*Asks:* 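I am attaching a structure below and will ask some questions about it afterwards.
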Amino acid sequence: MPRRTADDLRATARAALERARRRTLALTDCLDEEELGAQHSRLMSPLVWDLAHIGNQEEIWLVRAAGGQDAIRPDLDPLYDAFQHPRADRPALPLLPPEPARRYVAAVRERSFAVLEDAPFGPGEDPLLADGFVFGMLAQHEQQHDETMLATHQLRRGPAVLHAPPPDPAPADAGDLPSEVRIPGGPFVMGTDDEPWALDNERPAHPVDVPDFWLDTVPVSNRAYQAFIAAGGYEDARWWSPAGWSHRVQAGLHAPLFWRRADDPDAVEGGWLRRRFGVVEPVPLDEPVLHVCWYEADAYARWAGRRLPTEAEWEKAARHDPATGRSRRYPWGDAEPTTELANLGQRHLQPAPVGSYPAGASPHGARQLIGDVWEWTASDFEPHPGFTAFPYKEYSEVFFGPDYKVLRGGAFGVDPVACRGTFRNWDYPIRRQIFAGFRTARDAAPGGAADGTADNPAEARD
């Protein structure tokens with residue numbers, strides 16, 4: 001990428017931080033003090049903890065580390081250290097009440113903008129400041145917590161307090177898309193060296209050779225997933241890994257999280273309802289399936305005669321340009337996301353129908369690789385070759401290993417600053433409260449057709 005001027009970086013950093021703060025306040029100002037301090041699920045923090053934690057991290061890294069200024073509230077550091085206090089234990093802590101928390105994050109932001117005005121951004125500067133990295137890191141950190149707070153809103157019981165217009169209907173050609181696209185084999189460059197705000201686990205760029213494979217053109221839909229349920233997919237151990245079957249039985253899984261059977265199955269196509277941010281509604285058949293764990297995604301793929309794509313396969317499908325051989329920033333190219341390209345930024349409170357955003361398609365024709373739903377991959381969360389932790393090991397390094405599975409692509413609740421073709425997310429394979437779906441893949445048989453018109457086994461089972 002061409003290097004930005006200091007003035008451009010300052011403006012970009014300020015806009016990213018301001019956008020994140022507007023969202024943070026919108027997610028917290030809509031609830032009273034009692035609800036902000038409540039723990040709506042043991043999987044999540046009280047929203048007021050997230051609010052003050054956002055300010056504390058900004059103080060530590062922007063005000064103190066990058067700006068060299070005195071601490072504002074050093075006494076808060078241990079209280080809002082995510083590694084000292086598991087989420088389930090945070091309600092018992094002496095947390096800042098909502099109004100003091102708001103005053104604290106506002107005071108930190110005032111200092112941060114003062115640092116921004118004078119910060120040197122040249123490539124020879126402190127790595128925290130070079131290309132405005134620390135400002136991008138904190139904007140991403142806040143947006144990631146905003147997404148976590150959005151998940152808390154989904155888990156919360158009570159009347160709806162968040163509102164947004166629905167996505168547009170699927171484009172006219174959505175029903176005519178091939179079920180899968182072929183991704184040609186060969187090397188491509190995975191990861192990045194030149195994305196200035198890329199986080200440590202996205203680096204460094206390195207060549208990866210990926211054999212030919214087929215990938216679903218769109219994420220797996222609720223319609224297709226209901227076929228898996230109707231075929232007894234949750235009751236048949238053949239489709240589940242041993243660990244997945246054990247978890248399915250122990251947790252009593254029988255459908256995606258937040259789904260329930262309608263009282264009158266004949267009254268609702270498919271017979272399923274879902275709860276979405278305080279509203280109970282029929283499950284939209286043509287949306288990507290949402291709130292499934294890795295084990296469920298893996299079982300569906302096995303039932304369909306397919307598999308989950310590896311992380312390298314997913315990134316090649318999303319970034320590789322076969323005409324030039326280079327890796328793009330996004331499936332559509334290097335331009336920043338727009339409303340015509342992807343469903344991001346909490347503009348809607350749900351995924352768009354499968355087949356949406358044709359302008360955002362990859363060169364191979366896959367759609368919605370960015371936005372709508374995080375996509376589970378088959379891969380464990382591991383470092384790229386040559387990985388170096390920066391600026392602290394607790395962002396990525398402590399999570400590497402087989403306990404976590406990688407998700408890629410971002411969801412409707414992800415801000416563009418925290419979503420790109422190299423961005424990596426990870427979570428335990430049992431997690432369902434996150435905005436996760438998936439698409440499936442299969443190996444390309446030698447001499448097989450390459451026109452992308454092969455039948456989808458899941459559709460054949462419907």
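Here the structure is a predicted model, which means the values were calculated and not measured.
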*Asks:* State plainly whether the residues Arg102 and Glu99 are in salt-bridge range, i.e. N to O under 4.0 Å.
*Replies:*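 Counted as a salt bridge, because a side-chain N and a carboxylate O are separated by less than 4.0 Å.
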
*Asks:* Any idea which heavy atoms bring Ala352 and Pro288 closest together, and the distance?
*Replies:*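 Heavy atoms of Ala352 and Pro288 come nearest at O-CD, 3.1 Å.
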
*Asks:* Please find the pair of heavy atoms, one from Arg109 and one from Leu17, that lie closest to each other, and give the distance.
*Replies:*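 Heavy-atom minimum between the residues: NH1-O, 3.1 Å.
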
*Asks:* I need the minimum non-hydrogen distance between His364 and Pro184, along with the two atoms involved.
*Replies:*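 It is CE1-CD, 3.3 Å.
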
*Asks:* For residues His141 and His53, establish whether the separation of their ring centroids is below 6.0 Å.
*Replies:*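 Close enough - the centres of the two rings lie under 6.0 Å apart.
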
*Asks:* Testing the basics here: between Pro331 and Leu369, what is the closest heavy-atom pair and its distance to 0.1 Å?
*Replies:*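 Reported closest heavy-atom pair: CG-CB, 4.0 Å.
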
*Asks:* Taking 4.0 angstrom as the limit, do Arg157 and Glu35 come out as a salt bridge?
*Replies:*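 Salt bridge: no.
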
*Asks:* So, are Glu336 and Arg329 salt-bridged, with charged N and O less than 4.0 Å apart?
*Replies:*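 Yes.
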
*Asks:* Between Asp415 and Arg23, is there a salt bridge with N-O shorter than 4.0 Å?
*Replies:*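 Salt bridge between Arg23 and Asp415, a charged N being under 4.0 Å from a carboxylate O: no.
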
*Asks:* Do the side chains of Glu375 and Arg439 get close enough for a salt bridge, i.e. N-O under 4.0 angstrom?
*Replies:*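 Answer for the salt bridge query: yes.
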
*Asks:* Which atom pair, heavy atoms only, marks the closest approach of Ala444 to Trp214?
*Replies:*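 Looking at all heavy atoms of both residues, the shortest contact is CA-CD1, 3.7 Å.
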
*Asks:* For Asn56 and Asp77, what are the C-alpha separation, side-chain angles and deciding distance, and is it a side chain to side chain donor-acceptor pair (under 3.5 Å)?
*Replies:* CA-CA 7 Å; Asn56 181 247; Asp77 292 359; 2.9 Å; yes

*Asks:* So Ser112 and Glu58, side chain to side chain donor-acceptor pair (under 3.5 Å) or not? Walk me through it.
*Replies:* CA-CA 8 Å; Ser112 296; Glu58 187 172 322; 2.7 Å; yes

*Asks:* Within the 4.5 Å heavy-atom criterion, are Gln368 and Ser356 side-chain neighbours or not?
*Replies:*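 With C-beta onward as the side chain, the pair touches.
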
*Asks:* Quick check on ring pair (Phe, Tyr, Trp, His ring centres under 6.0 Å): which of Phe399, Tyr404, Phe381, Tyr295 does Tyr428 satisfy it with?
*Replies:*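 With Tyr428 as partner, Phe399, Tyr404, Phe381, Tyr295 yield a single ring pair (Phe, Tyr, Trp, His ring centres under 6.0 Å), made by Tyr404.
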
*Asks:* How are the rings of Trp259 and Trp272 set relative to one another: parallel (under 30°), tilted (30 to 60°) or perpendicular (over 60°)?
*Replies:*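 Tilted.
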
*Asks:* Closer than 4.0 angstrom, basic N to acidic O: yes or no for Arg367 and Asp173?
*Replies:*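 Yes, Arg367 and Asp173 are salt-bridged.
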
*Asks:* Quick one: do Trp197 and Phe135 satisfy ring-ring contact (aromatic ring centres under 6.0 Å, His included)? Show the steps, please.
*Replies:* CA-CA 9 Å; Trp197 289 358; Phe135 297 94; 8.4 Å; no

*Asks:* Is the closest basic N to carboxylate O distance between Arg203 and Glu195 below 4.0 Å?
*Replies:*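 Looking at Glu195 together with Arg203, the answer is no, because their closest N to O distance does not fall below 4.0 Å.
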
*Asks:* Listing request: all side chain to side chain donor-acceptor pair (under 3.5 Å) pairs with a residue in residues 243-254, at least two apart in sequence or in separate chains.
*Replies:*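 Qualifying pairs, neighbours excluded: none.
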
*Asks:* Quickly, which of Val108, Ile54, Leu76 forms a side-chain contact (heavy atoms from CB on, under 4.5 Å) with Glu59? Name it, please.
*Replies:*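 Output: one option passes, namely Val108.
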
*Asks:* By ring-ring contact (aromatic ring centres under 6.0 Å, His included), which residues pair with Phe435, not counting sequence neighbours?
*Replies:*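 Listed in chain order: His291, Phe412.
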
*Asks:* Check Leu95, Leu79, Leu36 against Trp49 for a side-chain contact (heavy atoms from CB on, under 4.5 Å) and give me the one that passes.
*Replies:*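 Of the listed residues Leu95, Leu79, Leu36, the side-chain contact (heavy atoms from CB on, under 4.5 Å) partner of Trp49 is Leu95.
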
*Asks:* Less than 4.0 angstrom from a charged side-chain N to a carboxylate O is my criterion; do Glu287 and Arg274 meet it?
*Replies:*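 Looking at Glu287 and Arg274, the cut-off is met.
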
*Asks:* Tell me if the centroids of the rings in Tyr395 and Trp426 come within less than 6.0 Å of each other.
*Replies:*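 Close enough - the centres of the two rings lie under 6.0 Å apart.
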
*Asks:* Check the pair Arg276 / Gln154 against side chain to side chain donor-acceptor pair (under 3.5 Å), numbers first and verdict last.
*Replies:* CA-CA 6 Å; Arg276 182 177 61 85; Gln154 170 63 13; over 6 Å; no

*Asks:* Determine whether Arg431 and Leu43 make a side-chain contact, defined as any pair of heavy atoms from C-beta on separated by less than 4.5 Å.
*Replies:*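 Yes, close enough: below the 4.5 Å cut-off.
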
*Asks:* Tell me which one of Tyr234, Trp294, Phe228 satisfies ring pair (Phe, Tyr, Trp, His ring centres under 6.0 Å) with Tyr300.
*Replies:*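 When Tyr234, Trp294, Phe228 are each tested with Tyr300, the ring pair (Phe, Tyr, Trp, His ring centres under 6.0 Å) holds only for Phe228.
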
*Asks:* Testing the basics here: between Pro256 and Val289, what is the closest heavy-atom pair and its distance to 0.1 Å?
*Replies:*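 That would be CG-CG2, 3.9 Å.
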
*Asks:* Just one of Phe438, Trp240, Trp376, Trp239 clears the side-chain contact (heavy atoms from CB on, under 4.5 Å) bar with Glu296, so which one?
*Replies:*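 For Glu296, the side-chain contact (heavy atoms from CB on, under 4.5 Å) test succeeds with only one of Phe438, Trp240, Trp376, Trp239, which is Trp240.
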
*Asks:* Verify, without hydrogens or angle tests, whether Glu313 (side chain) and Thr310 (backbone) share a donor-acceptor contact under 3.5 angstrom.
*Replies:*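 Between the backbone of Thr310 and the side chain of Glu313 there is a qualifying donor-acceptor contact (under 3.5 Å).
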
*Asks:* Using the side-chain contact (heavy atoms from CB on, under 4.5 Å) rule, pick out the option among Met149, Gln433, His153, Gln39 that qualifies with Met44.
*Replies:*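 Going through the options one by one, the only one that passes is Gln433.
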
*Asks:* Should the pair Lys405-Asp427 be classified as a salt bridge under the 4.0 Å nitrogen-to-oxygen rule?
*Replies:*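 Salt bridge: no.
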
*Asks:* Step by step, work out the side chain to side chain contact (heavy atoms under 4.5 Å, CB included) result for Tyr330 and Arg420.
*Replies:* CA-CA 6 Å; Tyr330 300 99; Arg420 50 194 162 265; 3.9 Å; yes

